[in-house]
Amino acid sequence: MGTLQSFHPKIGGARRHADSLELTFTGMGLQPLPSCGAPRRAGPHPTERNTVMRKLLSTAVAGCSAALALVALAAAPASAGTTDSHFEVVFPGNKPQTLYSVQNTAALSGSMTGKSVVSWQILEDQVVDNSKRFTSFKITTRIEERLTKTSEDHVVTSKTCDLTKLVNDNYTWFQVEPANTCVAPSTTYDGEVYWSTDSTIVYDIEGDGRGAVTKDLQGSPLVHG
């Protein structure tokens, strides 16, 4: 005779009921919780889904922001341009040969501005004669406009700065200060035309008998748009 197994109606019924629920959940695409058999849908937890969505949204926003920044950069006009020019001056006697540099800058900051910065340095090891080098040394800075890239420039504003005392008192000058910066009056900006800053230096060397010498310097890059 086989062994008779005892059956408790509540416990046995509960087990059959749990087995039946598990089969029902499985058929519906649900998974029972390991601990208590409570159903949950297959797939990521809602918190995990929210995290994924936030990451996707952040990526999309970052991509849109980068695209907008590139469009804005492409559409914005060139806001500033600078060009350097150099020339040497040979003086009579033992005065040191000197290299002069001029930086022309055109800049858009609400209005159109233009400036020229002059610096210089001796090209010899020592100064034997530091006496007066120029009877006159002046720079004229101009803000100019043109209708096309290749058309003729027209002067809009200009200013002439007398640097004679500064270049005679200092055989070398590297600083960028108001004393060696010539600023043309600003003017209203028109994005339909092309803007630049240009300058000319006129100097007269002391004791060389040649009279005034004019140096036309390279203008800044064009500002437009």
Side-chain angles (χ1 to χ4, degrees), residues 78-109 111-146 149-189 193-223:
S79 59
T82 298
T83 299
D84 293 308
S85 298
H86 311 276
F87 63 93
E88 295 180 17
V89 175
V90 178
F91 300 97
N94 292 322
K95 299 171 186 177
Q97 183 175 345
T98 305
L99 175 69
Y100 293 85
S101 301
V102 179
Q103 187 179 76
N104 287 323
T105 299
L108 173 59
S109 56
S111 59
M112 195 66 209
T113 63
K115 67 178 180 179
S116 303
V117 179
V118 185
S119 59
W120 56 95
Q121 62 180 19
I122 61 172
L123 299 177
E124 300 177 15
D125 294 335
Q126 59 183 352
V127 178
V128 177
D129 183 355
N130 192 29
S131 61
K132 184 178 179 180
R133 289 178 291 282
F134 295 98
T135 58
S136 178
F137 189 104
K138 297 179 181 180
I139 181 170
T140 299
T141 301
R142 303 178 297 274
I143 295 178
E144 300 176 340
E145 66 174 11
R146 61 176 73 172
K149 287 184 177 181
T150 57
S151 59
E152 183 180 356
D153 285 321
H154 298 279
V155 177
V156 180
T157 69
S158 67
K159 183 178 181 180
T160 298
C161 301
D162 190 346
L163 304 184
T164 307
K165 186 176 188 309
L166 189 68
V167 295
N168 280 329
D169 291 347
N170 302 272
Y171 58 81
T172 293
W173 188 285
F174 295 106
Q175 301 94 327
V176 178
E177 297 180 358
N180 64 312
T181 302
C182 193
V183 181
S186 62
T187 186
T188 302
Y189 180 76
V193 299
Y194 294 81
W195 298 87
S196 64
T197 295
D198 210 339
S199 64
T200 301
I201 286 181
V202 178
Y203 64 82
D204 190 350
I205 298 175
E206 174 78 12
D208 74 341
R210 295 173 55 195
V213 176
T214 299
K215 292 289 184 180
D216 291 317
L217 305 167
Q218 187 174 356
S220 72
L222 297 174
V223 176

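Hydrogens, waters and symmetry mates play no part in the numbers below; they use all other heavy atoms, side chains included.
With values rounded to the nearest 0.5 angstrom, Leu222 atom CG is found 12.0 Å from Glu145 atom CD. Note that the OG atom of Ser199 and the CZ atom of Arg142 stand 6.5 Å from one another [nearest 0.5 Å]. How far OH of Tyr194 is from NZ of Lys149: 5.5 Å, rounded to the nearest 0.5 Å. A distance of 11.0 Å separates CD of Glu206 from CZ of Arg133, quoted to the nearest 0.5 Å.
Closest non-hydrogen pair, Pro221 versus Gly81, comes out as CD-C, 3.5 Å. Listed here is the closest heavy atom pair of Asn130 and Val127: CB-CG1, 3.7 Å. Heavy atoms only, all atoms of each residue included: Asn168 and Lys132 are closest at ND2-CG, 3.8 Å. Considering every non-hydrogen atom in both Ser119 and Trp173, the closest pair reads CB-O, 3.2 Å. In plain terms, the two heavy atoms of Val118 and Val102 that are nearest each other are CG2-CG2, 4.3 Å. Contact detail for Pro185 and Lys159: the closest heavy-atom pair is CD-CB, 4.2 Å.
Val89 pairs with exactly one of Phe137, Trp120, Tyr203 by the side-chain contact (heavy atoms from CB on, under 4.5 Å) rule, that one being Tyr203.
Residues satisfying the side chain to side chain donor-acceptor pair (under 3.5 Å) test with Ser101, not counting sequence neighbours, are His86. Under the side chain to side chain donor-acceptor pair (under 3.5 Å) criterion, Thr164 pairs with Asp162, not counting sequence neighbours.
For residues 209-223, every residue pair satisfying the side chain to side chain donor-acceptor pair (under 3.5 Å) rule, not counting sequence neighbours, is listed here: Thr200-Asp216.
Asn104 places no side-chain N or O within 3.5 Å of a backbone atom of Asp198 that could act as its donor or acceptor partner. Side chain of Thr140 to main chain of Lys138: no donor-acceptor pair is present (N/O by atom type, distance under 3.5 Å, no hydrogens or angles). Within the 3.5 Å criterion, the main-chain N or O of Gly219 finds a donor-acceptor partner in the side chain of Thr83. Thr113 places a side-chain N or O within 3.5 Å of a backbone atom of Ala107 that can act as its donor or acceptor partner. Of the possible donor and acceptor atoms, none in the side chain of Ser151 sits under 3.5 Å from a partner among the backbone N and O of Arg146. A donor-acceptor pair under 3.5 Å is formed between the side chain of Glu124 and the backbone N or O of Gln97. Distance alone, capped at 3.5 Å, places no donor-acceptor pair between the Trp195 side chain and the Thr197 backbone. Side-chain N or O atoms of Thr135 include one that pairs as donor or acceptor with a backbone N or O of Asp204 at under 3.5 Å. For the pair Asn180 (side chain) and Glu177 (backbone), a donor-acceptor distance under 3.5 Å is present.
Summarising the local packing, OH of Tyr171 is surrounded by 12 or fewer heavy atoms from other residues, nucleotides or ligands at distances under 6.0 Å.
When side chains are defined from C-beta on, Val223 counts as touching Tyr189, because their heavy atoms get closer than 4.5 Å. Side-chain contact between Ile201 and Leu217 is present, with at least one heavy-atom pair separated by less than 4.5 Å.
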**OP:** Show the numbers, then the answer: is there a side chain to side chain contact (heavy atoms under 4.5 Å, CB included) between Leu163 and Phe134?
**Re:** CA-CA 10 Å; Leu163 304 184; Phe134 295 98; over 6 Å; no
**OP:** Test Ile143 against Thr157 for side chain to side chain contact (heavy atoms under 4.5 Å, CB included), laying out the working first.
**Re:** CA-CA 5 Å; Ile143 295 178; Thr157 69; 3.6 Å; yes
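The pair Asp129-Lys95 does not count as a salt bridge, with every side-chain nitrogen at least 4.0 angstrom from each carboxylate oxygen.
Classification of the Tyr100-Phe87 ring pair by plane angle, with boundaries at 30° and 60°, yields parallel.
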